[in-house]
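Hydrogens, waters and symmetry mates are skipped; everything else that's a heavy atom, side chains included, is used.
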Amino acid sequence: MEVHNVDLTISAVAEKQYPNTQFPEIALVGRSNVGKSSLTNVLINRNKFARTSSQPGKTQTLNFYNIEDKLYFVDVPGYGYAKASKASREKWGRMIETYLTKREQLKGVITLVDGRHAPTDDDISMHTWLKYYNIPILTVATKMDKISGGKWNKQESLIRKTLQLDADEPLVMFSALTKTGKNEIWRWIEGRMKR
């Protein structure tokens, strides 16, 4: 998709605040600091539109980005940040679960994992949970520019094995620096928008 117009419509904490449109929505989930903002910025051809929080785990809202009046990217609060209090983690958990399980406009979820390492227990839990609810998933391994090209296959195998991805489950190796994987991710998004 050619992206020229992007707008942060709302930062929502409750269902009643969600945009009242029928645009398809794609949610982005992942650990704090995994690169959701960087991925969003590459997909929408902006440098710093989606801002990275200076404090990991600080973003506590669902950020709805209107793309060309055709689609919303929904940036979901990062999980797995230890300094967040148990009460606030539970509150985010309920907010995220409500959105992911009840929102009819949600057409799929992009889950981000750090491509330099094996997925964490939190990553595995999120993937298992999304599969349980039959939510279409695209797994994106970020920060691949930090790994030499010769090791990509090994990392891809490690991620597939750890998350128990079926052969037909998509996994894209992505770098915000080189924009590797951008077109594959857009193809998946555009395929979901037609559903």
Side-chain angles (χ1 to χ4, degrees), residues 1-12 17-79 96 99-100 103 105-116 123 126 130 135-149 152 155-156 159 169-195:
M1 181 188 289
E2 284 291 318
V3 178
H4 304 289
N5 299 301
V6 182
D7 177 47
L8 174 58
T9 301
I10 192 165
S11 296
Q17 297 175 307
Y18 299 166
N20 185 21
T21 66
Q22 290 306 309
F23 299 154
E25 295 174 5
I26 300 291
L28 292 92
V29 303
R31 285 173 59 81
S32 299
N33 282 358
V34 75
K36 290 200 304 294
S37 297
S38 300
L39 172 64
T40 302
N41 287 327
V42 167
L43 291 175
I44 64 175
N45 303 317
R46 300 289 194 284
N47 282 336
K48 293 189 176 162
F49 191 87
R51 282 191 292 285
T52 311
S53 174
S54 55
Q55 290 173 270
K58 190 164 178 279
T59 307
Q60 298 181 25
T61 56
L62 295 167
N63 294 325
F64 286 79
Y65 293 99
N66 179 336
I67 316 293
E68 295 290 334
D69 280 335
K70 292 179 182 173
L71 164 74
Y72 276 108
F73 284 163
V74 184
D75 186 12
V76 174
Y79 54 78
I96 294 165
Y99 173 73
L100 293 175
R103 185 69 166 163
Q105 292 89 326
L106 180 67
K107 301 298 180 184
V109 172
I110 297 175
T111 66
L112 287 77
V113 297
D114 188 330
R116 300 170 297 177
D123 294 328
M126 176 57 83
L130 291 167
I135 298 169
I137 307 165
L138 171 65
T139 303
V140 172
T142 61
K143 310 187 184 188
M144 292 307 295
D145 49 276
K146 297 187 165 63
I147 297 175
S148 66
W152 279 32
Q155 285 306 111
E156 184 173 352
I159 292 164
E169 285 188 78
L171 168 63
V172 174
M173 313 306 266
F174 174 75
S175 162
L177 194 67
T178 65
K179 300 185 174 40
T180 301
K182 174 184 175 180
N183 292 340
E184 286 174 83
I185 295 167
W186 262 120
R187 272 196 296 275
W188 184 85
I189 293 169
E190 287 168 349
R192 295 305 318 158
M193 287 170 68
K194 298 183 177 90
R195 302 293 168 103

Smallest heavy-atom separation, Asp145 atom then Ser175 atom, equals OD1-OG, 2.7 Å
Do Asp69 and Asn5 have side chains that approach each other closer than 4.5 Å (heavy atoms only, starting at C-beta)? no
Roughly how far apart are Thr9 OG1 and Asn66 CG, rounded to 0.5 Å? 4.5 Å
Can you find a pair of side-chain heavy atoms, one from Thr111 and one from Asp123, that are under 4.5 Å apart? no
Can you name the nearest heavy-atom pair linking Leu71 to Met1, along with the distance? CD2-CE, 4.4 Å
Can any side-chain N or O of Lys36 pair as donor or acceptor with the backbone N or O of Val76 at less than 3.5 Å? yes
Nearest 0.5 Å, what's the OH-CG distance between Tyr72 and Asn63? 12.5 Å
Decide yes or no on ring-ring contact (aromatic ring centres under 6.0 Å, His included) for Phe174 and Trp186, but give the supporting numbers first. CA-CA 12 Å; Phe174 174 75; Trp186 262 120; over 10 Å; no
One pair to check against side-chain contact (heavy atoms from CB on, under 4.5 Å): Phe23 and Ile67. What are the steps and the verdict? CA-CA 10 Å; Phe23 299 154; Ile67 316 293; over 6 Å; no
Could you walk me through whether Val113 and Thr139 pass the side-chain contact (heavy atoms from CB on, under 4.5 Å) test, one step at a time? CA-CA 7 Å; Val113 297; Thr139 303; 4.2 Å; yes
Quick one: closest heavy-atom pair of Ile147 and Gln155, and the distance? CD1-CG, 3.7 Å
Taking all non-hydrogen atoms of both residues into account, name the closest pair between Val3 and Arg46 and its distance. O-NH1, 4.1 Å
Keeping the roles fixed (side chain from Gln105, backbone from Thr21), state whether a donor-acceptor pair exists under 3.5 Å. yes
Residue pair Ile185 / Val140: nearest heavy atoms and the distance that separates them: CD1-CG2, 3.9 Å
Over all atoms of both residues, closest heavy-atom pair of Lys70 and Pro24: O-CD, 3.2 Å
Check whether any side-chain heavy atom of Ile110 sits under 4.5 Å from a side-chain heavy atom of Phe73, and report yes or no. no
Point-to-point distance, once rounded to the nearest 0.5 Å, from CD1 of Ile137 to CE of Met126: 10.0 Å
Nearest-0.5 Å distance, NZ of residue Lys146 to CZ of residue Arg116: 5.5 Å
So do the side chains of Arg31 and Asp114 get within less than 4.5 Å of each other, counting heavy atoms only? no
Decide yes or no for Tyr65 and Leu43: does some side-chain heavy atom of the first lie under 4.5 Å from some side-chain heavy atom of the second? no
How are the rings of Phe64 and Tyr18 set to each other: parallel, tilted or perpendicular (split at 30° and 60°)? tilted
Gap between atom NZ of Lys194 and atom NZ of Lys107 - 0.5 Å precision: 13.0 Å
Partner of Val74 under side chain to side chain contact (heavy atoms under 4.5 Å, CB included), chosen from Val29, Leu62, Ile26, Val109: Leu62
Under the side-chain contact (heavy atoms from CB on, under 4.5 Å) criterion, do Asn45 and Lys182 qualify, and how do the steps go? CA-CA 10 Å; Asn45 303 317; Lys182 174 184 175 180; 2.5 Å; yes
